[in-house]
Chemist: 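Please see the structure below; I have some questions.
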Amino acid sequence: MTDEMFHVKPDLAASAHVNAQRHGLMTNHALNEPDSFWLEQARRLDWFRMPTLAGGGGFEGEVRLSWFSDGTLNASVNCLDRHLPENGDRIALIWQGEAEDDVRHVSFRALHAEVCRLANVLKGLGVRRGDRVATYLPMVVEGVVAMLACARIGAVHVVMFAGFSAAGVANRLRDSGAVLLLTADEGRRGGKRIALKALADEALAILETEGGSPVRQVLVVPVIGTPVPMRAGRDLDYARLVGEAEPDCAPEEMGAEDPLLILYTSGSTGAPKGLLHTTGGYLLWASLTQEIVFDHRPGDVFWCTADLGWVTGHSYVVYGPLSNGGTSLLFEGTPSWPEPGRWWRVIDKHRVRGFYTAPTAIRSLMREPSSVLAASSRDSLRVLGSVGEPINPEAWLWFHEEVGGGRCPLVDSWWQTETGGIMIAPLPGAVAQKPGSATLPLPGVCPVLVGHDGTVLEGATQGEAEGRLCIARSWPGQARTVWGDHARYVQTYFSTYPGLYFSGDGARRDSDGYYWITGRVDDVVNVSGHRIGSAEVEAAIGSHEAVAESAVIGVPHAVKGQSLMAFVILRGGGGGEAGPALEAGIARHVGHMLGRYAVPDRVLLVPDLPKTRSGKIMRRILRKVATGEHEQLGDVSTLADPTVVDALVARLGQ
Ligand code: 7RM
């Protein structure tokens with residue numbers, strides 16, 4: 001395959017914000033005069049006080065990063081107020097509900113008013129600057145309103161995915177110390193209902209039995225209109241309070257380094273970490289990357305299909321598009337419900353220009369009959385994006401050729417919750433694409449590949465190499481700490497390779513300097529673009545009364561990228577007659593502890609697990625056995641008892 005085939009058509013290249021020449025200039029400016037480069041970029045935001053310091057900071061010692069620290073701003077002003085004088089009537093949000101006729105067009109002016117009303121309600125309930133406010137909502141306009149209302153008054157939002165279980169919600173409320181929770185009566189998903197208020201009640205009950213819940217009030221959004229039990233003195237009706245509140249609320253003047261949000265993400269050890277993002281740097285990164293990676297213009301309709309509960313929803317449904325004056329599409333439904341082709345109809349109906357989704361969705365959609373796609377025109381599309389996991393060339397080509405008709409650049413974008421926004425991606429019009437490669441770092445991003453021993457491979461940023469993907473310099477969108485546990489932040493990201501930020505991913509760099517992300521090198525599994533820590537699922541399984549020990553691995557899956565497989569040892573061994581029922585019971589238990597998204601596709605009762613002599617589970621060997629590669633186990637000299645492998649192979653064969 002030649003690169004030539006994927007050069008962007010000249011018409012788009014000519015109109016792109018960043019052409020190859022400007023890309024080169026920006027990259028050199030960032031490299032040679034970083035302070036001046038970042039201060040120039042900072043001008044894209046509206047500040048109360050313009051920063052005079054760029055900042056950053058090294059990755060040694062305590063790792064205290066800080067950007068634009070003498071600047072002050074408010075994120076909601078950047079997403080709302082600054083568009084009002086000239087574009088107040090422009091649509092900020094298009095909400096497409098699961099039912100075809102459920103559509104809301106919310107102008108910047110109307111969104112500003114609703115955000116101010118909720119901000120006033122929150123203030124009236126005693127929420128102060130720096131307090132944490134959690135949300136547990138489906139994909140509705142109020143989810144965006146809640147985030148921006150927090151930003152307006154300086155409260156820190158903690159958005160929780162509506163697929164989390166009560167126990168998952170309780171963990172995040174406890175860790176963040178949220179004083180207020182916004183939830184809904186119920187949510188809709190694929191024709192079913194999710195009883196969010198009941199799950200929230202259950203989460204709060206868990207915290208109360210522990211001896212205290214930080215949550216003082218619960219605001220309930222009537223999404224469906226189902227009557228739900230309301231506890232007097234704690235639960236309040238969102239619609240009534242917001243309806244009665246004033247539509248103006250002066251924004252808090254926040255320091256650039258004041259916290260904006262906490263978002264939980266799984267790692268290779270322990271419970272999910274609450275990554276903290278601060279106001280100035282995060283907003284700048286979301287805004288800059290959304291504009292240059294998607295060649296975004298004010299008023300463009302941009303559809304990022306991610307849920308608000310993940311970082312992609314934060315940066316590319318809310319902060320990126322809205323800060324850029326774009327129209328962001330919020331879709332409540334799923335790709336193929338009530339019938340295949342729903343997404344394509346949404347694109348045509350709302351004239352979507354930028355479409356940003358995940359490889360897992362593309363792989364499932366490309367399995368549908370070609371007539372499904374052919375029933376839509378998709379002629380409004382100009383830029384396609386992919387994120388969340390490596391995209392295989394087959395899916396890349398189908399997305400580019402069939403969905404985009406070969407005329408839309410496809411930006412494969414690598415980044416993480418920790419990075420705040422896109423780090424490696426082709427800029428349309430400036431960087432030629434190669435199917436399966438996230439291509440080149442954005443200006444100001446300094447990736448390096450390191451070997452197992454920590455040596456930086458081949459001239460830092462040039463030359464063919466394969467290793468672990470690290471970043472050598474701070475960038476504004478970088479998470480500043482793990483909430484409540486700075487030592488864990490330093491340990492997780494900066495101790496493996498001293499002086500570098502370690503992403504947890506492996507990557508290859510080709511002779512053109514293009515990066516090809518190969519996936520996680522730690523015990524994090526990527527299921528349908530969702531990051532799930534083996535340790536977290538193992539802890540959930542371990543809390544089942546019948547379980548002695550377990551090991552969870554990711555195995556390749558044609559649509560999901562990876563799926564979870566759990567090997568479980570029972571207390572007292574065996575499983576006997578009850579085996580299959582117990583396996584299903586353990587899977588259900590994981591759903592109860594974490595949420596359905598984390599339920600393993602396979603739970604297998606086994607007599608023993610492969611361990612090192614010091615008792616560490618060798619997941620590498622489990623992965624080989626699970627994929628039928630037990631003949632090529634590699635180095636097994638540390639394996640305490642080699643006969644365990646034969647027993648596993650026999651068990652899997654059953
Ligand atoms: C945005 C997001 C991060 C992990 C990351 C990778 C994987 C993300 C790509 C990718 C290959 C990509 N945040 N990942 N994007 N792998 N190509 N374009 O997904 O925190 O939830 O996950 O996702 O392993 O470390 S995340």
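Position 1 is the first residue of the sequence, and the numbers go up from there. Both counts, for ligands and for their atoms, begin at 1 and track the order of listing.
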Chemist: Once you round to the nearest 0.5 Å, how far does OG of Ser266 lie from CD of Glu536?
Modeler: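 Spacing of OG (Ser266) from CD (Glu536) equals 3.5 Å.
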Chemist: Please check if the number of heavy atoms outside Arg508 that lie under 6.0 Å from its CZ is greater than 12.
Modeler: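 Enclosed.
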Chemist: Please answer whether the main-chain N or O of Ile541 pairs with a side-chain N or O of Ser550 as donor and acceptor at a distance below 3.5 Å.
Modeler: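 No; zero donor-acceptor contacts below 3.5 Å.
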Chemist: Please answer whether the main-chain N or O of Trp475 pairs with a side-chain N or O of Trp67 as donor and acceptor at a distance below 3.5 Å.
Modeler: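 Answer holds: yes.
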Chemist: Crowded around Arg64 CZ? As in, over 12 foreign heavy atoms under 6.0 Å?
Modeler: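 Enclosed: over 12 neighbouring heavy atoms sit under 6.0 Å from CZ of Arg64.
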Chemist: State whether Arg619 and Glu538 are salt-bridged, where the test is any N-O pair (Lys NZ or Arg NE/NH1/NH2 against Asp/Glu carboxylate O) under 4.0 Å.
Modeler: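 A salt bridge links Arg619 with Glu538.
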Chemist: Does Arg44 come within less than 4.0 Å of Glu291, counting only side-chain N to carboxylate O?
Modeler: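 Salt bridge present between Arg44 and Glu291.
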Chemist: Which residue and non-hydrogen atom of the protein lie closest to atom 3 (C) of ligand 1, and at what distance in Å?
Modeler: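 Answer for atom 3 (C) of ligand 1: Trp415 O, 3.7 Å.
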Chemist: Backbone, side chain, both or neither: what part of Ala438 comes under 4.0 angstrom of ligand 1, heavy atoms only?
Modeler: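 For Ala438, there is no contact with ligand 1 at all, from either part.
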Chemist: Of all the heavy-atom pairs spanning Gln41 and Leu284, show the shortest one and how long it is.
Modeler: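 Where Gln41 meets Leu284 most closely, the heavy atoms are O-CD1, 3.3 Å.
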Chemist: I'd like to know whether ligand 1 has Pro390 as a neighbour, heavy-atom separation below 4.0 Å.
Modeler: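 Yes, Pro390 has heavy atoms under 4.0 Å from ligand 1.
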Chemist: Using heavy atoms and a threshold below 4.0 Å, how should the contact between Val524 and ligand 1 be classified: side chain, backbone, both, or neither?
Modeler: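 For Val524, there is no contact with ligand 1 at all, from either part.
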Chemist: Can you list the steps and then say if Tyr356 with Ser413 is a side chain to side chain donor-acceptor pair (under 3.5 Å)?
Modeler: CA-CA 10 Å; Tyr356 191 30; Ser413 58; 2.6 Å; yes
Chemist: Who's the nearest protein heavy-atom neighbour of atom 22 (O) of ligand 1, and how far?
Modeler: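 Here the closest protein heavy atom is Arg531 CD, 3.3 Å.
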Chemist: Measure Asn526 to ligand 1 on non-hydrogen atoms and call it side chain, backbone, both or neither using the 4.0 Å cut-off.
Modeler: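 Side chain only.
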Chemist: Residue-level breakdown please: for Asp505 versus ligand 1, do any non-hydrogen atoms fall below 4.0 Å on the side chain, on the backbone, on both, or on neither?
Modeler: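 The answer is the side chain of Asp505.
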Chemist: Below 3.5 angstrom, do we get any N/O pair linking Thr417 and ligand 1?
Modeler: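 Yes, there is a polar N/O contact under 3.5 Å.
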Chemist: What do you reckon, does Trp310 put a non-hydrogen atom under 4.0 Å from ligand 1?
Modeler: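 The answer is no: ligand 1 sits nowhere under 4.0 Å from a heavy atom of Trp310.
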Chemist: What atoms of ligand 1 come closer than 4.0 angstrom to any heavy atom of Val387?
Modeler: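 That gives atoms 1 (C), 15 (N) of ligand 1.
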Chemist: Taking the six-membered ring for Trp, are the ring centroids of Trp483 and Tyr489 within less than 6.0 Å of each other?
Modeler: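 They do not qualify: ring centres at least 6.0 Å apart.
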Chemist: Using a strict cut-off of 4.0 Å, indicate which atoms of ligand 1 neighbour a heavy atom of Thr312.
Modeler: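 Matching atoms, with element in brackets: 1 (C).
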Chemist: In the protein, what heavy atom is nearest to atom 19 (O) of ligand 1, and what distance, to one decimal place, separates them?
Modeler: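 Looking only at protein heavy atoms, the one closest to atom 19 (O) of ligand 1 is Gly388 CA, 3.6 Å.
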Chemist: With backbone taken as N, CA, C and O and side chain as the heavy atoms from C-beta onward, which portion of Glu389 lies under 4.0 Å from ligand 1: side chain, backbone, both, or neither?
Modeler: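 Backbone only; the side chain of Glu389 stays clear of ligand 1.
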Chemist: Under 4.0 Å from any heavy atom of Asp412, which atoms of ligand 1 are there?
Modeler: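 With Asp412 as reference, the close atoms of ligand 1 come out as 12 (C), 18 (N).
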Chemist: For residues Phe494 and Phe59, establish whether the separation of their ring centroids is below 6.0 Å.
Modeler: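 Judged by ring-centre distance (under 6.0 Å), Phe494 and Phe59 do meet the cut-off.
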Chemist: Just which atoms of ligand 1 are under 4.0 Å from any heavy atom in Ser413?
Modeler: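 Per the distance check, 9 (C), 12 (C), 15 (N), 18 (N).
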Chemist: Could you list which atoms of ligand 1 come closer than 4.0 Å to a heavy atom of Val311?
Modeler: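 In order of numbering, the contacting atoms are 13 (N).
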Chemist: For ligand 1, is there an atom lying under 4.0 Å from some heavy atom of Gly504?
Modeler: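 The answer is no, since Gly504 has no heavy atom less than 4.0 Å from ligand 1.
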